[in-house]
Amino acid sequence: MIALPDSDDLDIAALSGVFKDRTNSYKFYWFLSILDSLQEDGERIIRQNDIALRMLANVWYPLDYYKLSFGVQDGFKQIAAFVSSKFEVDNRLNASSLSKQIRQNLSDSELLGLSQEIDKNLIRWVPFRFLRPFFASETQRLSDHRVNGEIKRLSNELFDSQPQRVIYRILDDSIELNAVWAEYFQRHQSILRGFIFWHLVGFVQKNNPNVIGLTEKLEKPRKRDLILANKFWKDYLAEHSDLSCIYSGEIINKQNLSLDHFLPWSYVAHDQLWNIIPAPKSINSSKSNCLPSEQYFKDFTQLQYQAVQFYLKKQQTNILEDYDQIFRTDLGQLSMEEFADILQKHIMPHFQTAKNLGFSYPYVYADAKKP
């Protein structure tokens, strides 16, 4: 477990206690958005609407892009889907942050409505309950409807006299970070983020027990590493000029070559060779992050088998290391049927999980040239 940095002046034990309750994700994203705002602007007074939009921007990737589940208490999913209905998110590495994209692409009335929806349904309790571990003795016997008011009163009353207990005080439409806590947050940004994501992984694992690559699915996608896959398929294509697309039947050449993740990259979050096949750029674009119909599985496994055999004959076995973790046997001893059976048994459980998560299904190329 990641530990928070000690401090002689601050109640770090109470801060750790904020994350003991893992029934929902709101406290994680509230704190993360405070760190984002502090890192970006350096201001100690932060509007709650700004935090709300940052929360939405942070939660959009795991919920809408990667299709993860946050459990039955999740109120973020529909709001994250609303963003996708309004504009296409730019996920390029040099693109603006999603919170900036939301502000740029939504009208003032849409932004106001979005912030109000988040506040009404999601975070009306979070600013107060985040602070509750710091005022545990004062609030332990209060009824729920009195807790928020008492925490707001205490945060304002003790803001100057007991700063170790008051991360922020709650104003009408903003929070004001205490200077000593703001300095602690700035100094330990990376460790605090690691602490948040460590707890988030545990929360997400509980709600997505069969999903792979969870640690890669909590943030914006990183740069993909397709160097090996490009070499793999370009060298194969150089000696197979009749190579055709498994979806459309179109002949693939150097000019139209692109690489398709059979299971969508946004599900697997890796670039291993056993999941990548060549496809014309237009076909790859139309398939996007959809799950292909099972009708393509036979051609997919046959193409994979032929490529593996190609490199085995050339005695270039180093390039086949990605397959070892699945097959765990001598690839050269497998028949086409045995190869397909092992690959299918590995892929199909993930295929079903991706369907259950809500990935678009099935992708069928409408104008296929194949018989």
Side-chain angles (χ1 to χ4, degrees), residues 1-48 50-52 54-55 58-59 119 122-204 218:
M1 176 178 175
I2 297 176
L4 293 177
D6 289 331
S7 171
D8 294 332
D9 303 318
L10 305 176
D11 190 349
I12 305 303
L15 180 59
S16 297
V18 170
F19 300 97
K20 288 182 179 179
D21 177 14
R22 295 187 185 181
T23 57
N24 61 58
S25 64
Y26 307 149
K27 290 179 184 177
F28 303 135
Y29 285 103
W30 173 259
F31 190 28
L32 184 62
S33 298
I34 289 174
L35 294 179
D36 287 345
S37 180
L38 190 59
Q39 185 178 57
E40 185 174 320
D41 302 325
E43 300 293 332
R44 292 196 292 115
I45 297 179
I46 311 171
R47 295 179 63 247
Q48 291 195 44
D50 180 67
I51 298 176
R54 289 180 185 276
M55 289 175 71
N58 281 318
V59 84
D119 182 65
L122 301 178
I123 63 168
R124 56 180 174 169
W125 300 97
V126 178
F128 307 94
R129 300 308 166 90
F130 188 90
L131 294 178
R132 190 168 187 175
F134 294 87
F135 307 117
S137 60
E138 293 94 337
T139 61
Q140 63 179 345
R141 295 181 179 175
L142 294 181
S143 58
D144 281 348
H145 73 277
R146 294 181 56 198
V147 169
N148 288 4
E150 182 64 6
I151 289 176
K152 182 174 183 178
R153 183 187 71 80
L154 289 168
S155 72
N156 280 272
E157 181 179 296
L158 305 177
F159 187 79
D160 294 315
S161 61
Q162 297 185 32
Q164 74 278 8
R165 299 180 66 193
V166 186
I167 290 178
Y168 54 78
R169 59 180 165 191
I170 301 169
L171 309 177
D172 289 337
D173 63 351
S174 307
I175 65 168
E176 181 180 1
L177 292 172
N178 210 309
V180 290
W181 281 102
E183 192 276 332
Y184 175 86
F185 292 162
Q186 288 283 44
R187 182 159 30 103
H188 301 296
Q189 276 267 353
S190 60
I191 298 175
L192 290 168
R193 289 175 186 275
F195 183 83
I196 293 170
F197 283 114
W198 188 88
H199 282 278
L200 258 179
V201 168
F203 170 79
V204 173
L218 297 178

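All of these numbers come straight from a predicted model, not from anything done at the bench.
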(message) Salt bridge check, Glu157 against Lys152: does any charged N sit closer than 4.0 Å to a carboxylate O?
(response) no
(request) Flag the pair Arg47 and Asp172 as a salt bridge only when some basic side-chain nitrogen lies within less than 4.0 angstrom of an acidic carboxylate oxygen. (result) no
Taking the side chain as C-beta and beyond, is there a heavy-atom pair between [X] and [Y] under 4.5 Å?
| X | Y | result |
| --- | --- | --- |
| Asn148 | Arg129 | yes |
| Leu32 | Arg193 | yes |
| Glu40 | Arg54 | yes |
| Ile167 | Ile34 | no |
| Ser155 | Phe128 | no |
| Ile170 | Glu176 | no |
| Asp50 | Ser37 | yes |

(message) Tell me every residue that passes side-chain contact (heavy atoms from CB on, under 4.5 Å) with Glu138, counting only those two or more places apart in sequence or in another chain.
(response) Phe135, Leu154, Arg165
(message) Are His199 and Phe203 an aromatic pair, judged by ring center distance below 6.0 Å?
(response) no
(request) For residues Trp181 and Phe159, establish whether the separation of their ring centroids is below 6.0 Å. (result) no
Let me have the donor-acceptor pairs involving side chains of residues 6-15, under 3.5 Å, with sequence neighbours excluded, atom names and distances please.
residue, atom, partner, partner atom, Å
Ser7, OG, Asp9, N, 3.2
Ser7, OG, Leu10, N, 3.3
Asp11, OD1, Ala14, N, 3.1

(request) For a ring-ring contact (aromatic ring centres under 6.0 Å, His included) with Phe195, tell me which candidate from Phe31, Phe185, Phe19 qualifies. (result) Phe19
(message) Whether the Arg44 and Asn178 side chains hold a donor-acceptor pair (N or O, under 3.5 Å, no angle test) is what I'd like checked.
(response) no
(message) Within a 6.0 Å radius of atom CZ on Arg153, are there more than 12 heavy atoms belonging to other residues, nucleotides or ligands?
(response) yes
